[in-house]
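Below you'll find the structure, written out as structure tokens, and then a few comments.
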Amino acid sequence: MITRRVSGDPLEYVLGWAEFRGLRIAVEPTVFVPRTRSGLLVEQAAVGLGPGAVAIDLCCGSGAIGAALAATVDDLELYATELDPAAVRCARRNLTGPRQTVLAGDLFDPLPDRLRGRVDVIVANLPYVPTEQIALMPREAREHEARIALDGGPDGLDLQRRAAAAAPGWLRPGGRILIETGRRQAPYTAEILARNGFRTMISTDDEIDGTAVIGIHPDVQRDTR
Ligand code: GLN
């Protein structure tokens with residue numbers, strides 16, 4: 001294990017798990033390692049959620065954010081979606097509760113239709129690194145994590161635009177989407193949500209270097225175009 005670590009393998013891959021909000025989250029090589037900063041998403045998402053709430057962890061990776069939210073909210077009904085097969089495997093190891101479902105597929109695609117208009121909260125740590133900035137990331141990220149987990153396109157916001165456009169169809173009136181983003185990207189993330197009809201708020205936590213943009217789905221459903 002020491003030899004692997006010294007040769008550059010990320011500690012979490014050597015161990016096979018990462019610590020996230022007091023949980024051991026299984027991670028295998030190439031799978032995005034949960035970041036402490038994503039705890040902000042968990043904290044903010046949990047606000048006001050009662051027992052039995054319905055949540056989506058979109059592009060869940062290892063499922064860490066969903067697992068931590070489920071550890072915070074009683075009887076959370078959680079649906080986690082993920083495209084990358086290695087990450088799906090890990091998420092299935094991390095989300096084993098009776099009300100936790102991991103679905104393989106792109107963004108909202110694999111979700112059952114019966115959830116439309118019923119979801120209380122969506123947490124989304126989508127890839128948001130601008131393509132050209134991946135080269136500036138720590139070696140553990142740029143050389144060991146799957147590119148699909150990091151690359152957000154030219155401005156980093158491609159996946160956020162796609163998710164924000166589709167999210168209103170899944171949320172209940174007054175439901176929320178919380179998107180992790182970069183500090184400098186936050187106003188743009190907020191604008192993307194606003195353009196899709198959300199009321200928005202930016203939440204930051206300097207201690208853990210976390211930035212989340214929260215979008216609240218309007219209480220009154222707008223006319224469908
Ligand atoms: N800069 C972020 C991180 O390393 C990237 C995370 C992401 O793209 N979701 O935490």
Side-chain angles (χ1 to χ4, degrees), residues 8-13 17-21 23 25 27-45 55-69 80-88 90-91 94 102 105-108 121-164 166-167 177-190 192-193 202-215:
D9 281 9
L11 177 64
E12 295 83 356
Y13 295 160
W17 58 272
E19 190 276 342
F20 183 68
R21 294 183 68 86
L23 303 174
I25 302 295
V27 284
E28 56 180 84
T30 75
V31 173
F32 185 80
V33 174
R35 312 288 206 259
T36 302
R37 66 166 60 90
S38 301
L40 178 61
L41 227 52
V42 178
E43 258 164 41
Q44 292 292 327
I56 296 173
D57 183 351
L58 200 63
C59 301
C60 70
S62 64
I65 293 171
L69 189 60
T81 72
E82 170 58 44
L83 188 56
D84 178 55
V88 170
C90 287
N94 293 316
V102 178
D106 189 35
L107 292 172
F108 295 94
V121 74
I122 299 168
V123 286
N125 180 12
L126 312 165
Y128 59 80
V129 184
T131 306
E132 290 195 339
Q133 289 179 26
I134 292 176
L136 306 175
M137 295 184 81
R139 185 196 296 262
E140 277 82 355
R142 73 182 138 85
E143 286 187 5
H144 294 271
E145 289 179 326
R147 221 182 148 85
I148 194 178
L150 304 171
D151 193 345
D155 63 357
L157 307 173
D158 280 0
L159 276 291
Q160 295 183 2
R161 277 185 280 266
R162 290 180 55 211
I177 181 169
L178 295 91
I179 302 182
E180 180 178 313
T181 196
R183 183 161 296 216
R184 273 173 308 201
Q185 291 165 311
Y188 302 100
T189 303
I192 288 166
L193 283 172
I202 296 174
S203 171
T204 57
D205 184 333
D206 290 336
E207 192 85 26
I208 56 173
D209 192 22
T211 305
V213 180
I214 303 168

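As the structure lists them, so they are numbered: ligands from 1, and atoms in each ligand from 1. Bear in mind that the values here come from a model prediction, so they are computed numbers and not experimental data. Numbering starts at 1 and runs along the sequence shown.
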**Q.** Gap separating the CG atom of Leu107 from the CD atom of Glu82, nearest 0.5 angstrom
**A.** 10.0 Å
Q: Number the atoms of ligand 1 from 1 as they appear, then name those within less than 4.0 Å of a heavy atom of Arg35, with their elements.
A: 3 (C), 4 (O), 10 (O)
**Q.** Atom indices of ligand 1, in the order listed, that fall short of 4.0 Å to a heavy atom of Phe32
**A.** 6 (C)
Q. Taking N or O atoms only and a 3.5 Å limit, does Leu126 qualify as a polar contact for ligand 1?
A. yes
Q) When you check the gap from the basic side-chain N to the acidic O, do Asp84 and Arg147 get nearer than 4.0 Å? A) no
Q) Under 4.0 Å from any heavy atom of Met137, which atoms of ligand 1 are there? A) 4 (O)
Q. Per the side chain to side chain contact (heavy atoms under 4.5 Å, CB included) rule, which among Leu193, Thr181, Leu157, Val213 passes with Tyr188?
A. Leu157
Q) Are Val27 and Pro34 close enough that some pair of their side-chain heavy atoms sits under 4.5 Å apart? A) yes
Q | atom 3 (C) of ligand 1 - nearest protein heavy atom and its distance | A | Arg37 NH1, 3.1 Å
Q.
Looking only at protein heavy atoms, which one is nearest to atom 2 (C) of ligand 1, and what is the separation?
A. Tyr128 OH, 3.4 Å
Q: Would you mind running through ligand 1 and noting each atom that sits below 4.0 Å from a heavy atom of Asn125?
A: 7 (C), 9 (N)
**Q.** Any side-chain heavy-atom pair of Val102 and Val88 under 4.5 Å
**A.** yes
Q. Does some side-chain heavy atom of Thr211 sit less than 4.5 Å from a side-chain heavy atom of Arg37?
A. no
**Q.** Ala141 to ligand 1, any heavy atom closer than 4.0 Å
**A.** no
Q. Against heavy atoms of Val129, which atoms of ligand 1 measure under 4.0 Å?
A. 5 (C), 8 (O)
Q. Is the closest heavy-atom distance from Asp151 to ligand 1 below 4.0 Å?
A. no
**Q.** Side-chain donor-acceptor contact under 3.5 Å, Glu180 with Tyr128
**A.** yes
